[in-house]
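Let me begin by presenting the structure, written as structure tokens, before commenting on it.
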Amino acid sequence: MTRGAAVRQASAMLDKTLSPAGFEPRLYQGWEESGAFTANPASGAAPFTIMIPPPNVTGSLHVGHALDVTIQDTLIRFRRMQGRDALWQPGTDHAGIATQMVVERLLAAEGKDRREMGREAFLDRVWQWKGESGGTITRQLRRMGASLDWSRERFTMDEGLSEAVREVFVTLHRQGLLYRDRRLVNWDVKFQTAISDLEVESKEVKGSLWHLRYPVEGQPGRFLVVATTRPETMLGDTAVAVNPEDDRFRDLVGKHVVLPLVGRRIPVVADAYSDPEKGSGAVKITPAHDFNDFEVGRRHDLPSPSVLDAEGRMTLAEIEGETRAEPGVADPAFLATLAGMERFEARKAILAELERLELIEKIEPHTHAVPHGDRSGVPIEPRLTWQWYVDAATLAKPAVEAVETGKTQFVPKQWENTFFAWMRDIQPWCVSRQLWWGHQIPAWYGPDGHIFVERTEAEALAAARARYGDDRELTRDPDVLDTWFSSGLWPFSTLGWPRQTPELARYYPGDVLVTGFDIIFFWVARMMMLGIHFMGEVPFKTVNIHGLVRDERGQKMSKSKGNVMDPLELADAYGADALRFTLASFAGPGRDVRLGRQKVESNRAFVTKLWNAARFCEMNGIAPDRSFDPMKASTPLARWIIDAGNAAIAEATAALEAYRLDDYAAALYRFTWGSFCDWFLELAKPALTGPDGVEKDEAKGAAQHVLGLILRLAHPVMPYVTEELWDRFGYGPEGSLIRTSWPEPVAVMGADAARAELNWLVGFISEVRTVRAEVNVPPSVTVPLLVQGASGETMARAARWIEPIRRMARATEVASHEGPAPAGVAQAVVGEATVMLPLEGVVDLAAERARLSKEHAKVEAEARKIAQKLANPDFTSRAKEEVVEETRERLAGAEAEAARLAAALSRIAA
RNA sequence: GGGCGCUUAGCUCAGCGGUAGAGCGCCUCGUUUACACCGAGGAUGCCGGGGGUUCGAAUCCCUCAGCGCCCACCA
């Protein structure tokens, strides 16, 4: 027992009402300061590792994090209690675009712009912001009770992780798996950076399909009609493609058309890409502004001028030499007005001009998917630029194989299909971003354009000297890396890689990664690829994928819908334990969690119930007693609850091992409330308040044993209240509950007999209660229970349990009764016996008759159904023998019960 | 266009070949010395529709419908 616990225990009884705010922060601080969260590489224990998905350093905790953290903390506490050397690695992510956006917004409010400030000043400002708000999320994780090893906290831009990033970049480059290329990228015109395919979101947009007439060269009056949704890109057209099989255009292949507005001669090419069914059957080819057109352009060796700049404005720079006046088709003066015009303004201007020239054949309404930047929300512009790419296809192969062979397993398994589908068709990963906040790419350009990819500037200069024979000035690539590039290294960079640290050897690979399905591609896939490539081993053995947290009606939470729930506010209102228990109990596999205040509120009742059960124990002088040996329990009550505790241990352990937190939560709830509170404590009351002796000793012994068991079983998901009670009661030699071992089942003597006896007792009391309630007997009326047709054992049991029966069934006595029924009787069938309650003057005989008839009809119908089944020769001959046997027993039981009910009915028929 | 998931009590969900379940809500009763954030009891289901496999289907297969999500070349 710790000194603190002893002082507290001596000082006060448990408060009548539970107030989590009174102990949660104190307990957390105690855990953290005592090193309870700290992994211990020197221990001989087997490690258990979870890497937290690093939240945005400047972010704050939302319900999704709360679910993520609850699952991870429950698992890590469970394994820690099982004796594993648990490492839950904390840290935060620099979140390139997101953070830069926030800081730029702050600057805008001050009337400043990052370009005016310059890169260095801007980065200083971001670091300053990180310093100011960087502690929020970690504070909030602590508030949730997360037992992260804060001594090892990392940040994706700290020196160690930056070194890992440079090492990976340089190595992949040397291996030819990372290269610079000029191709189309998804360009976000708002942030003016390239983004990866994954950061693009398709949105259905209602637009138009414009059919434009392109005059055929040398055939006045003949037009080739192309259909487009993006007329503004036509200035960059360098061909029109038709399908080689399409007879309508066969004669035009190899000829030229005149590009309206520009006046450029462009060829008509035959390409299977052109779909005769779509549009007009002829498609304009704009290689610099469309991914498909780019491919067509490559096949036909077409030029690819860009006509939109980084901001999405029209630019004529690359087509200047090609424009020419073409009467009735193109006018350089009009073209000049387009320069610098925003893309959608330009669309309008171009359409107006085409209209004027009578070059619009028709306009059809058209709904189509338009790619948008997932953060900026603006339409993405395919743009021809130089970027850095990772050869993801090569890296993906071993990752796919690792999942195929089960080295890494997804839970639930169905997500493996999602993973495979994406990984097997993976595209080169564009990793460069035209941002300032992030890991600057370790590439330097020589005066001749030669690229030096090196870990440091000094190494780059040295390489340049070797190449040029003298010192040259190098220019560093200004771009930074995709945030996911560094998060992809998280499972090993946090452990010290590229240095071969003891931690790296011990805690890699991790045991389980817990995350939402929304970042399987972004993050899980990248960790798999990079982890396997650089560590030679998968980064984690299991990937536990959970659903999204939604609101009560199943809607995604969003600020704009105003349905966002703040987990910290919920934790303050109901306690972190109640919130955690709620999240865990709804976290079924592959299911979204619908969270509502009411649910948290009703689960708080469970926490309170536990608190009150502990108070009851305290009031009855129940205290930890290590001299009590559960294996030597002799009373049926003690044996029964200890045995039920064994079952609870088995259920909870199996559920946690299978990542079924919903089952784990349900098992805890059932055992604590249903078995311990509703039955054990109630049945134990007479013994607890009765005379000294074995009954009392064992009631108390079993109570303290099982309460301790419940605290240990519940601790992973409800760490605070369980620790508080553990402390206050002074359980356990190790002091804190967090350091206590996970419970093991104990061998209980005579468990079967105890179970049979208690099952009978529970059934007996329940039946009597049902009858009393149904015929509306108030609890204040107590009556004798007259038992007819009972075996000797039943009567012996009734005698043994007479006190609890008196209390709980509101009875004066239990007696054999074989004569005629007393007047005004209400009856219940329990096993072989019929219990009669003499209630003359209290019971409504008609109501009792109706009740018994209904009961009788129900049992009889059941019996008929079973009899029918047994009458089927196919069933008796084909079904498994034990099933047939069981069915026969059920029939016998139902028939006997029906007979007893009929007898009971006949007794009051008169 | 391709793929995945879901559809079971009023609500939220479990069960996934052998007697349809839980929690909440609802109704009735209740100042039994832990708890009204409580106790006791009760009612409520063509287990989305149709077809098939099977002695037996909520459970397996096919099909249809509705809802949700992911992926996919903006003619």
Side-chain angles (χ1 to χ4, degrees), chain A residues 14 16-18 202 205 207 209-211 226-230 233 241 273-275 278-285 289-293 295 366 368-371 379-380 382 412 414-415 417-418 421-422 425 517-518 520-521 547-548 552 554 556 574 578 585-586 588 590-594 596 598-599 601-620 662-663 666 669-670 677-678 681-682 685 689 765-766 769-774 776-780 806-808 810 862 865-866 869 872-880 882-884 886-887 890 894:
Chain A
L14 295 176
K16 188 165 167 40
T17 53
L18 165 75
S202 270
V205 168
L209 187 59
W210 288 277
H211 291 248
V226 298
T228 181
T229 56
R230 300 213 52 196
T233 65
Y273 163 65
S274 181
D275 182 347
K278 279 189 185 169
S280 61
V283 58
K284 70 190 206 57
I285 301 299
H289 296 287
D290 182 283
F291 287 95
N292 290 305
D293 293 4
E295 293 305 316
H366 186 66
H368 56 124
V370 178
I380 285 304
Q414 81 229 23
W415 289 110
N417 293 328
T418 306
W422 191 67
D425 185 34
F517 57 78
D518 49 332
I520 290 178
F521 303 148
L548 246 51
E552 283 157 295
K556 217 166 166 172
Y574 304 106
S585 59
F586 286 102
R591 270 226 171 241
D592 287 347
V593 176
R594 292 197 188 188
Q598 251 187 12
K599 289 177 172 172
E601 200 175 323
S602 62
N603 279 125
R604 185 211 16 206
F606 176 52
V607 183
T608 308
K609 184 75 181 178
L610 176 59
W611 181 262
N612 281 311
R615 275 184 63 225
F616 173 80
C617 290
E618 187 185 46
M619 292 164 84
N620 282 278
D662 53 337
D663 288 348
Y669 192 101
R670 264 199 312 274
C677 293
D678 288 349
L681 289 181
E682 292 301 327
K685 275 177 183 174
T689 56
I765 293 172
S766 299
R769 279 172 166 175
T770 303
V771 174
R772 292 181 55 112
E774 293 241 304
N776 280 321
V777 183
S780 53
R806 280 194 175 127
R807 240 184 94 81
M808 298 172 74
R810 312 298 297 152
E862 173 74 13
K865 218 171 98 183
I866 305 171
K869 195 169 184 179
N872 180 356
D874 284 333
F875 173 68
T876 46
S877 63
R878 298 197 195 207
K880 274 179 292 191
E882 58 267 32
V883 173
V884 177
E886 200 184 291
T887 310
R890 265 177 45 220

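So you know, we letter chains A, B, ... as the sequences are listed, proteins then strands, and number each from 1.
- Across B:G17 and B:G52, the matching C1' atoms stand 15 Å from one another, rounded to whole Å.
- Across all non-hydrogen atoms, the minimal contact from A:Asp592 to A:Phe517 is OD1-CE2, 3.9 Å.
- As judged by a 4.0 angstrom heavy-atom cut-off over every strand, A:Lys599 is placed among residues touching the sugar-phosphate backbone only.
- Nearer to the 5' terminus of RNA chain B, by closest-nucleotide assignment, is the contact made by A:Trp415 (compared with the other of A:Trp415 and A:Thr608).
- Rounding to whole angstrom units, CG of residue A:Asp275 and C1' of B:G1 are separated by 13 Å.
- A:Arg890 comes within contact range of at least one nucleobase, with a heavy-atom separation under 4.0 Å.
- If you check every strand for non-hydrogen atoms under 4.0 Å, A:Arg230 touches a base.
- As rounded to whole Å, 15 Å separates atom C1' of B:C6 from atom CG of A:Leu548.
- Separating the CE atom of A:Met808 from the P atom of B:G39 is a distance of 12 Å, rounded to the nearest angstrom.
- The residue A:Cys617 sits apart from the nucleic acid: no heavy atom pair falls under 4.0 Å.
- Among the heavy atoms of the strands lying under 4.0 Å from A:Ala773 are primed sugar atoms or P, OP1, OP2 only; no base atom is included.
- For the pair A:Asp678 CG and B:A22 P, the interatomic distance rounds to 14 Å; values are reported in whole Å.
- Using a 4.0 Å heavy-atom distance criterion, A:Ile380 is classed as a base contact.
- B:G66 is paired with B:C6 under the Watson-Crick or G-U wobble criterion, all donor-acceptor distances under 3.5 Å.
- Across all strands, A:Arg769 comes closer than 4.0 Å only to sugar-phosphate atoms, never to a base (heavy-atom distances).
- Residues A:Lys685 and A:Glu682 approach most closely at NZ-OE2, 3.1 Å, considering heavy atoms.
- Between A:Gln598 atom CD and B:C13 atom C1' the separation is 15 Å, expressed in whole Å.
- Per the geometry, CD1 belonging to A:Ile520 stands 10 Å off C1' belonging to B:C70, to the nearest Å.
- In this structure, A:Asn417 reaches neither bases nor backbone, as no heavy-atom distance under 4.0 Å exists between it and the strands shown.
- Between A:Gly588 and A:Ser602, the residue anchored nearer the 5' end of RNA chain B, judged by the nucleotide with its closest heavy atom, is A:Gly588.
- Here B:U44 sits opposite no nucleotide as a Watson-Crick or G-U wobble pair (both hydrogen-bonding atom distances under 3.5 Å).
- Nucleic acid contact for A:His366: sugar-phosphate only, since backbone atoms but no base atoms lie under 4.0 Å from a heavy atom of the residue.
- Base pairing of B:G30 is made with B:C38, judged by Watson-Crick or G-U wobble geometry with both donor-acceptor distances under 3.5 Å.
- Across all their heavy atoms, A:Pro382 and A:Arg230 have their closest contact at CD-NH1, 4.2 Å.
- At a threshold of 4.0 angstrom between heavy atoms, the contacts of A:Ser274 include nucleobase atoms, whether or not backbone atoms are also involved.
- Closest non-hydrogen pair, A:Leu209 versus A:Gly279, comes out as CD2-CA, 4.3 Å.
- In A:Gln414, the CD atom is crowded: over 12 heavy atoms of neighbouring residues, nucleotides or ligands sit closer than 6.0 Å.
- Atoms NE2 (A:His368) and P (B:A75) sit 7 Å apart, rounded to a whole Å.
- Within the 4.0 angstrom heavy-atom criterion, no nucleotide atom of any strand lies near A:Glu886.
- Contacts of A:Glu682 with the nucleic acid, taken as non-hydrogen atoms under 4.0 Å apart, include base atoms.
- The separation between A:Phe616 atom CZ and B:G39 atom C1' is 14 Å, rounded to whole Å.
- Within the 4.0 angstrom heavy-atom criterion, base atoms lie near A:Ala879.
- Among the atoms of the strands shown, base atoms are found under 4.0 Å from some heavy atom of A:Val883.
- Taking each heavy atom of A:Ser274 and A:Ala282 in turn, the nearest pair found is OG-CA, 4.3 Å.
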